[in-house]
Amino acid sequence: MTRKPPEPGHPADFLEARREKLNRLIGLGVDPWGRAFRRTHTLGQVVAECASLEGQRVFVAGRIMAWRSHGKAAFADLEDASGRLQVYLKRDRVGADSFTLLELVDLGDHVGVAGEVFRTRSGEVTVAVDEWSFLGKALRPPPEKYHGLRDVESRYRQRYLDLIANPGTREVLRNRSLIVRTLRDILDERGYLEMETPTMSAVVGGANARPFVTHHNTLGIDLYLRIALELYLKRLVIGGYDKVYEIGRVFRNEGVSFRHNPDFTMLEFYEAYADYEDMMRFTEYLIPEVARRVLGTTRIIFRGNEVRLDPPWQRQTLREAIRQRAGVDFVGLTDIAAARQAARDRGLEIAPDATRGQILDQVLDRFVQPDLIQPTFLMDYPVEMSPLAKRRRDDPSLTYRFEACVGGIEIANAFSELNDPIDQRERFLEQAGRRDRGDQEAHMMDEDFLTAMEYGLPPTGGEGIGVDRLVMLLTDSPSIREVIAFPLLRPRA
RNA sequence: GGGCCAUUAGCUCAACUGGUAGAGCAUCCGACUCUUAAUCGGACGGUUCGGGGUUCGAGUCCCUGAUGGCCCA
């Protein structure tokens, strides 16, 4: 590709203009990349403490976000993680040579400045610069200063530009960090130990999902990326830790949607000698408490609805919730053919060999979850959908399991853990049968886990929370991709 | 996987029923020592997502591919 040679004063394009400035800087013996710069204050601190700082000399640094030139003076807006601050660059103050060098400054450059804090006529806190230096030249221009970066694809592919240009994105990812930290704080306060379990292993389980496969070269074996944290955390409970949790990435080889990303963050916690009732009580404390600590309120807006997170949350059996919203008792319906037909009558596409669990999943997805705006526990899932949950004493076809829905999406899944290794083996066998019949989401037989269970898992309450979805909820984000810094996209062709 | 929509200058967006691709910001040149979406004057900047077709003529219509969004699965 040929390109016009840049004429002096008329560079062929914006990239060459910046390259040329860079070369001029190097030619002048100026280091365009800078070195560590000892700030006395962040930009936000200068603004916040301006009353006491007025008249004092400060050292601050930031990226140049706006530039207003006035002949022998100029104003620039600097930005760092703490905020934005205006600086005033006057020839009489910085000196003629240094002022001339400002011609080589571009939007997006990092600079460090020293100068006196003052207020302009209009009252804006400003630093009257007497010395400045380059801390990092930008060879590409930042996005448009007023509209920012709007193109959704560019925002995800080049998240750094999204972050530079859009304060709202900075706020969301910052809140994500605070939410995760707060989850840890609360779990720590409650005496849970944070653990780390394998992300790769020869057998995966803990959820109905297709795993990613990878390969270990020296061992010469295929390994799976984990789809849940459950089976290893339960081993730790067997080992004697009575309260454990893990926050970590899990990987599911399935489609992408506004609430699905192939890798996402799960929180799972397990408490020995507890049950799903305890998990419900803890959940309806945990979620509003996170909201209160991070956002300062338990009343949030999500997708245009006000959601009140305060306890107690609604409780409804799955059976009743479905009967109420779909008009059919799908849980109680034992005739599978009739169930398939009833689902089809309600506009669902049901495969001829669909199991009851698959039908219930679809009915839940379509009719029940979207309707559950206020926090709700859906309780008592059928045993065939819940191969790791304890059976109800009063009805062994159901389990002590609940899912929590908030804002119309599922954010948590919990149960009284199945601790009978004989029943667990039967459940795995039943799942393995489905696998043999082609259900790639069915559980694998996990002899190692069964062996562990045979050493004795105490009655245990366990729960998984979709951290990304919780962040969506608390930041009113319409898509999971808004709360994941670098969501998966197809590579650019 | 299916349906609908989108893709135009570095960024944000225009361009009626097919008829010379424009604006703002950014960039470059010039003026300006309290501006703040600074202002004023001038200039540069395009594979209209890729490929094919229809037509005297395609950003616009048709086919095909790519990527993304939304809805459905």
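Chain letters run A, B, ... following the sequence lines, proteins first, then strands; residues in each count from 1. Every value quoted in this text rests on a predicted model; they were computed, and no experiment measured them.
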Describe the nucleic acid contact of [X] in one word from base, sugar-phosphate, nothing, applying a heavy-atom distance below 4.0 Å.
X        : answer
A/Arg155 : nothing
A/Gly255 : nothing
A/Phe118 : base
A/Arg84  : nothing
A/Asp77  : nothing
A/Glu349 : sugar-phosphate
A/Ser69  : base

Any side-chain heavy-atom pair of [X] and [Y] under 4.5 Å:
X        : Y        : result
A/Leu360 : A/Tyr381 : no
A/Asn208 : A/Asp439 : no
A/Val363 : A/Leu348 : yes

Starting at atom [atom1] of [X], determine the distance to atom [atom2] of [N], rounded to an integer number of angstrom.
X        : N      : atom1 : atom2 : answer
A/Arg259 : B/rC71 : CZ    : P     : 10 Å
A/Glu103 : B/rG30 : CD    : C1'   : 12 Å
A/His260 : B/rC70 : NE2   : P     : 14 Å
A/Ile359 : B/rA73 : CD1   : C1'   : 15 Å
A/Asp106 : B/rC11 : CG    : P     : 17 Å
A/Arg68  : B/rA26 : CZ    : C1'   : 15 Å
A/Glu124 : B/rA38 : CD    : C1'   : 12 Å
A/Arg121 : B/rA38 : CZ    : C1'   : 14 Å

| said: Let me spell it out: for each of A/Leu107 and A/Gly123, pick the nucleotide of RNA chain B with the closest heavy atom. Which residue's pick is nearer the 5' end? | reply: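 The answer here is A/Leu107.
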| Earlier contact from the 5' end, RNA chain B, for A/Arg157 and A/Arg91 | A/Arg91
Taking atom [atom1] in both [N] and [M], what distance in whole Å separates the two?
N      : M      : atom1 : answer
B/rU55 : B/rG18 : P     : 16 Å
B/rC16 : B/rU7  : P     : 13 Å
B/rU33 : B/rU39 : C1'   : 15 Å
B/rG57 : B/rG19 : C1'   : 7 Å
B/rU27 : B/rC44 : C1'   : 8 Å
B/rU8  : B/rG51 : P     : 16 Å
B/rG24 : B/rA38 : C1'   : 15 Å
B/rA9  : B/rG59 : P     : 14 Å

Nearest-neighbour nucleotide for the [X] side chain, [options] considered:
X        : options                : answer
A/Pro141 : B/rG10, B/rC32, B/rC70 : B/rG10
A/Tyr88  : B/rC11, B/rU33, B/rU35 : B/rU33
A/Phe258 : B/rC71, B/rC25, B/rU35 : B/rC71
A/Tyr146 : B/rC11, B/rA37, B/rC34 : B/rA37
A/Gln362 : B/rA73, B/rA38, B/rC70 : B/rA73
A/Val152 : B/rG68, B/rU33, B/rU12 : B/rG68
A/Leu348 : B/rU27, B/rC34, B/rA73 : B/rA73

Side-chain N,O ([X]) to OP1/OP2 ([N]) below 4.0 Å:
X        : N      : answer
A/Lys145 : B/rA26 : yes
A/Arg140 : B/rA26 : no
A/Arg150 : B/rC13 : yes
A/Arg490 : B/rA66 : no
A/Arg481 : B/rG68 : no

| field | Exam field: side chain A/Thr355 to backbone A/Gln358, donor-acceptor pair closer than 3.5 Å | value | yes
| said: I'd like to know if the side chain of A/Asn166 and the backbone of A/Leu149 have a donor-acceptor N/O pair within less than 3.5 Å. | reply: yes
Please give the nucleotide sitting opposite [N] as a Watson-Crick or G-U wobble pair, both distances under 3.5 Å, or none.
N      : answer
B/rG41 : B/rC29
B/rG24 : B/rC11
B/rG1  : B/rC72
B/rA58 : none
B/rG65 : B/rC49

| query | Do A/Glu153 and B/rU7 have a side chain to base donor-acceptor pair shorter than 3.5 Å? | reply | no
Could [X] and [Y] be called an ion pair, given the rule that one side-chain N must be under 4.0 Å from one carboxylate O?
X        : Y        : value
A/Asp365 : A/Arg259 : yes
A/Glu306 : A/Arg299 : yes
A/Asp92  : A/Lys72  : no

| query | For the residue pair A/Tyr88 and A/Phe118, does the interplanar ring angle fall in the parallel (under 30°), tilted (30 to 60°) or perpendicular (over 60°) class? | reply | tilted
